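Keep in mind the model is a prediction, meaning the values are calculated, not measured. We're numbering straight along the sequence, starting at 1.
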Amino acid sequence: MAPRANWKGFLRLSLVTCPVALYPATSESEKISFNQLNRQTGHRIKYLKVDADTGDEVPNEDIVKGYQLEKDQFIEVTKEELEEIALESTRTIEIDEFVDRSDIDPRYLIRPYYLRPDGKVGHDAFAVIRETIRSMDKVAIGRVVLTNREHIIALEPLDKGLMGTLLRYPYEVRDPAEYFDEIKDVKVTKDMLDLARHIVEQKAGSFEPGKFEDQYETALVELINQKRAGKPITPKERPRGENVVDLMDALRKSVGGAAAETKVAKKPAKKVKKTASGQKEMLMPIAGKKPAKEATAKKPTAGARRKSA
């Protein structure tokens, strides 16, 4: 079953309108998280909302929003006042224009969402909008209000639905000149480029997310399993970075190293997939997110962890 929708409203292209629901396309709930504890008692730390001056706890109904003009001077803004300036995009995603996917600077991308028809009506209108965007090979640009703020959203077909990607506003993207101006202008020789290209060609492949393993998450599971089993924790040796003295020599050695990696990579692909899927099988039951039947079938080791909220 799909998670609860983040937003429900209407998708509109001119006079064509349909009810839709917006869902998060990604999740980090399966990652290990930690609670803060009192070292002396082992109890969880609880956070309270208190008055900065009196130190008294403040109930939620007495907490309002305020914009700080200067120190200790605020303009109070009520929930009712915010609702009065609510934009149309609070309930409707109006498609304003269509652009080429290549026109969208990757720095403006925030996060992806899934958009689908809401309920049993509007599927025909949704399909018309989806297939129009697909046939034109374009990305639709609209606006939507999430968490009380209006966002730009880019819509493009994905299977039977639409993928909506929130975009940043120009003022949210920093000027690269502030960071790149001090980079020295270096002339790269043809020999260096040829060696570097050779390394790239040896490492060339296709993007397959399933083969990537979150090594830090795996290390966390191993650490918690070892502590639960009462095993000693021994620090692992950290890799050391080395200063490159002769760039050409480093490139030549890298060509040899890349060739060796390529030979290893050409072994049966099942090994790679086994590693990635093994990680998922180990983590999911520990987190308690899989159905009981599946969790039983793929039991973790005796030192399985219990995921904190």
Side-chain angles (χ1 to χ4, degrees), residues 1-9 20-38 42-49 60 93 106-119 144-168 172 207-229 233 272-309:
M1 180 181 291
R4 188 168 62 180
N6 278 30
W7 179 93
K8 288 188 177 185
V20 292
L22 195 70
Y23 299 85
T26 60
S27 171
E28 295 192 355
S29 63
E30 300 304 330
K31 285 188 175 182
I32 290 177
S33 60
F34 294 98
N35 290 304
Q36 291 187 325
L37 306 176
N38 181 339
H43 301 158
R44 288 179 60 178
I45 300 298
K46 182 180 179 182
Y47 290 93
L48 302 175
K49 296 179 180 180
N60 286 333
I93 300 176
R107 293 175 298 169
Y108 286 81
L109 305 177
I110 301 180
R111 73 182 67 89
Y113 287 86
Y114 293 145
L115 196 72
R116 73 177 190 187
D118 184 29
V144 63
V145 171
L146 292 173
T147 60
N148 299 320
R149 296 301 297 264
E150 185 178 56
H151 299 270
I152 308 168
I153 187 167
L155 301 170
E156 51 190 316
L158 181 64
D159 297 330
K160 296 192 294 182
L162 290 171
M163 182 179 75
T165 305
L166 295 190
L167 304 179
R168 294 182 174 89
E172 297 178 281
F207 181 65
E208 299 175 23
K211 69 183 180 184
F212 294 110
E213 175 186 356
D214 187 339
Q215 297 180 7
Y216 182 70
E217 187 79 358
T218 301
L220 280 178
V221 172
E222 183 180 348
L223 171 66
I224 294 172
N225 284 341
Q226 286 180 336
K227 289 183 74 70
R228 285 197 64 179
I233 306 300
V272 178
K273 290 186 177 180
K274 188 175 181 181
T275 303
S277 63
Q279 178 194 17
K280 188 175 182 182
E281 288 169 9
M282 176 174 60
L283 290 175
M284 295 292 279
I286 296 174
K289 298 292 183 181
K290 284 187 180 265
K293 184 183 288 187
E294 190 171 352
T296 304
K298 297 180 180 177
K299 258 191 173 177
T301 58
R305 59 129 176 140
R306 180 183 176 187
K307 185 176 176 182
S308 302

Could you give me the CA-CA distance, side-chain angles and deciding distance for Lys227 and Ile233, then say whether side chain to side chain contact (heavy atoms under 4.5 Å, CB included) is met? CA-CA 8 Å; Lys227 289 183 74 70; Ile233 306 300; 3.9 Å; yes
Step-by-step side chain to side chain contact (heavy atoms under 4.5 Å, CB included) determination, Leu146 to Tyr113: CA-CA 12 Å; Leu146 292 173; Tyr113 287 86; 4.1 Å; yes
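To the nearest 0.5 angstrom, Leu22 atom CG is 11.0 Å from Arg116 atom CZ. To the nearest 0.5 angstrom, Thr218 atom OG1 is 12.5 Å from Leu223 atom CG. With rounding to the nearest 0.5 Å, the separation of CG in Asp214 from NZ in Lys31 is 5.5 Å. In this structure, NZ in Lys46 is found 10.5 Å from CZ in Arg44, a value given to the nearest 0.5 Å. The OG1 atom of Thr165 sits 11.0 Å away from atom CG of Leu115, with the distance rounded to the nearest 0.5 Å. For the atom pair OG1 (Thr26) and OH (Tyr114), the distance works out to 8.5 Å, reported to the nearest 0.5 Å.
Under the 4.5 Å side-chain criterion, counting only non-hydrogen atoms from C-beta, Ile45 is not in contact with Asn35. The side-chain heavy atoms of Trp7 and Val20, taken from C-beta on, include a pair separated by under 4.5 Å. Between Glu217 and Ile32, the closest side-chain pair of non-hydrogen atoms falls below 4.5 Å.
No option in Ile153, Leu155, Ile152 other than Ile153 meets the side-chain contact (heavy atoms from CB on, under 4.5 Å) test with Val144.
Of all the heavy atoms in Leu37 and Gly42, the pair that sits closest is CD2-O, 4.0 Å. Smallest separation of non-hydrogen atoms from Lys8 and Ala21: CG-CB, 4.0 Å. For Pro112 against Met163, the heavy-atom pair with the smallest separation is CB-SD, 4.2 Å.
Side chain of Arg168 to backbone of Leu109: a donor-acceptor contact under 3.5 angstrom is found. No donor-acceptor pair closer than 3.5 Å links the side chain of Glu156 to the backbone N or O of Gly164.
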